[in-house]
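The block underneath contains the structure these notes are about, expressed in structure tokens.
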Amino acid sequence: MPELPEVETICRGLRPRLTGRKLESVQILERRLRIAVDARLAPAIEGRRITGVGRRAKFILLFLDSNTTWIFHLGMSGKLVHVDPATPRQKHDHIIATLDSGYQLRYHDPRRFGLSVLAASDAIAELPQLARLGPDPFDPRFDGAYLYNACRKSERRVRDLLLDQRVIAGIGNIYANEILCRAGVRPATRSRRLSRDQVERIARQTIEVLREAIRWCGTSVSDYRDADDRRGEFQDHLRVYDREGETCRFCPSRIKRVSLGNRSAYYCPACQR
DNA sequence: CGGTGGACCTGCTGGC
DNA sequence: TGCCAGCAGGTCCACC
């Protein structure tokens, strides 16, 4: 589900509601996530105060006042919402934290592909899940020259290269397809064969599309919701993703869908060459 | 090392 | 109406 713009939107919603709040109690209702939730997680953070909310790629970081950071990844179907405790509990609510504001933070994840772990705040980057991430798209290290170098070293299709979190961190299948559409490049193109000019366009559009999607509070094609359980609006601006058979917004062609590996790729056969 | 395909889960949709 | 196949926004691991 959530790619960088969705996770950023959630963080922006949580920040003013969580910063400065104390975790009165933490209940783990289901430990079987992608990585089993440590039984010692709740006692380790109960009574601690949240000093800030951050994001790295698709990871949500809740900084606590004990040199501890509480880290979430939402996988495909995760939500992290700030709700009134009277809100009926949902099936697949796996973690519930009650704050000294009286509100609750609830982690909900039907497919359980997400994770929730603790790390020492001064050693977050060493966590196995974070250690191998490449730069975020907004990191000054990410630019056309960086991406061109990565493209030349790989035999993969460019859609798959954009999904590789070690190359760029934060892009998922929706935005990989949208970026390539705007850059005028077909998703199945081998990254090695791209011209410098094409790669420059991809790098520029990466930043542009993600910025725009954040402005629209993310994409809700089905179940993505922000920290207040509201939908995003970028689905109304998608040019190719999930639009198989529909008319291109810029020419009379119909959007095509192909399977690359096990995942769908979408493109306009006329606008993308 | 690099690339690919399947596994991990639940839920929804569309075709018959 | 019911059933089943196929698909879903992510990552990881075994295998070549």
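Numbered from 1 within each chain, the chains take letters A, B, ... in sequence-line order. Every heavy atom of this structure was used, including side-chain atoms; hydrogens, water molecules and symmetry mates were not.
The shortest distance between the side-chain N/O atoms of A/Lys153 and the OP1/OP2 oxygens of B/dG2 is not below 4.0 Å. For B/dG11, the OP1/OP2 oxygens have a side-chain nitrogen or oxygen of A/His92 closer than 4.0 Å. Considering only side-chain N and O atoms, A/Arg157 lies nowhere under 4.0 angstrom from the phosphate OP1 or OP2 of B/dG3. Residue A/His73 places at least one side-chain N or O closer than 4.0 Å to OP1 or OP2 of C/dT11. Close to C/dT11, at under 4.0 Å from its OP1 or OP2, lies no side-chain N or O of A/Gln129. Taking side-chain N and O atoms only, A/Lys58 has a distance below 4.0 Å to OP1 or OP2 of C/dT11. Put simply, A/Arg112 has a side-chain N or O that comes within less than 4.0 Å of OP1 or OP2 on B/dT10. Put simply, A/Arg156 has a side-chain N or O that comes within less than 4.0 Å of OP1 or OP2 on B/dG3. For the pair A/Ser264 and C/dA8, the criterion of a side-chain N or O lying under 4.0 Å from OP1 or OP2 is met. For A/Ser77 and B/dG11, the shortest distance from a side-chain N or O to OP1 or OP2 is not below 4.0 Å.
A/Leu127 has its CG atom 15 Å from the P atom of C/dT11, to the nearest Å. Per the geometry, CG belonging to A/Asp164 stands 13 Å off C1' belonging to C/dG10, to the nearest Å. At whole-Å resolution of the value, CG in A/Leu33 and C1' in B/dA7 are 17 Å apart. Between A/Asp223 atom CG and B/dC12 atom P there is a gap of 9 Å when expressed in whole angstrom units.
Where A/Arg263 and A/Arg257 meet DNA chain C, the nucleotide closest to each residue was compared, and A/Arg257 sits on the side nearer the 5' end. Between A/Arg34 and A/Gly261, the residue anchored nearer the 5' end of DNA chain B, judged by the nucleotide with its closest heavy atom, is A/Gly261.
When heavy atoms are screened at a 4.0 angstrom cut-off, A/Arg132 is found touching no nucleic acid atom at all.
A salt bridge is defined here as a Lys NZ or Arg NE, NH1 or NH2 lying under 4.0 Å from an Asp or Glu carboxylate O, and A/Arg156 with A/Asp160 fails to meet this definition.
Counted by atom type alone, A/Asn177 and A/Arg239 present zero donor-acceptor pairs between their side chains at under 3.5 Å. Residues A/Arg257 and A/Ser264 bring a donor and an acceptor atom of their side chains to less than 3.5 Å of each other. There is no side-chain donor-acceptor pair under 3.5 Å between A/Gln205 and A/Tyr175. For the 3.5 Å distance criterion, the side chains of A/Thr98 and A/Gln104 qualify, holding a donor opposite an acceptor.
If you take atom P in C/dC3 and the same atom in B/dC9, they sit 25 Å apart, rounded to whole Å.
No hydrogens or angles were tested; on distance alone, a donor-acceptor pair under 3.5 Å links the side chain of A/Arg111 to the base of B/dC9. No donor-acceptor contact under 3.5 Å links the side chain of A/Asn262 to the base of B/dG5.
Taking a centre distance below 5.5 Å and an interplanar angle below 30 degrees as the stacking criterion, A/Phe113 stacks against the six-membered base ring of B/dC8.
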*Using a 3.5 Å limit on both pairing distances, list the dot-bracket string of DNA chain C from the 5' end; Watson-Crick and G-U wobble pairs count, crossing pairs take [ ], interstrand pairs take |.*
.|||||||.|||||||
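Ring geometry for A/His73 against A/Phe59 counts as perpendicular: the plane angle is over 60°, on a 0 to 90° scale with 30° as the lower cut.
Judged by the 6.0 Å distance and 45° axis criteria, A/Arg196 is positioned over the aromatic ring of A/Tyr148.
Applying the side-chain contact (heavy atoms from CB on, under 4.5 Å) test between A/Phe72 and each of A/Val117, A/Asp109, A/Ile95, A/Leu115 identifies A/Ile95 as the sole match.
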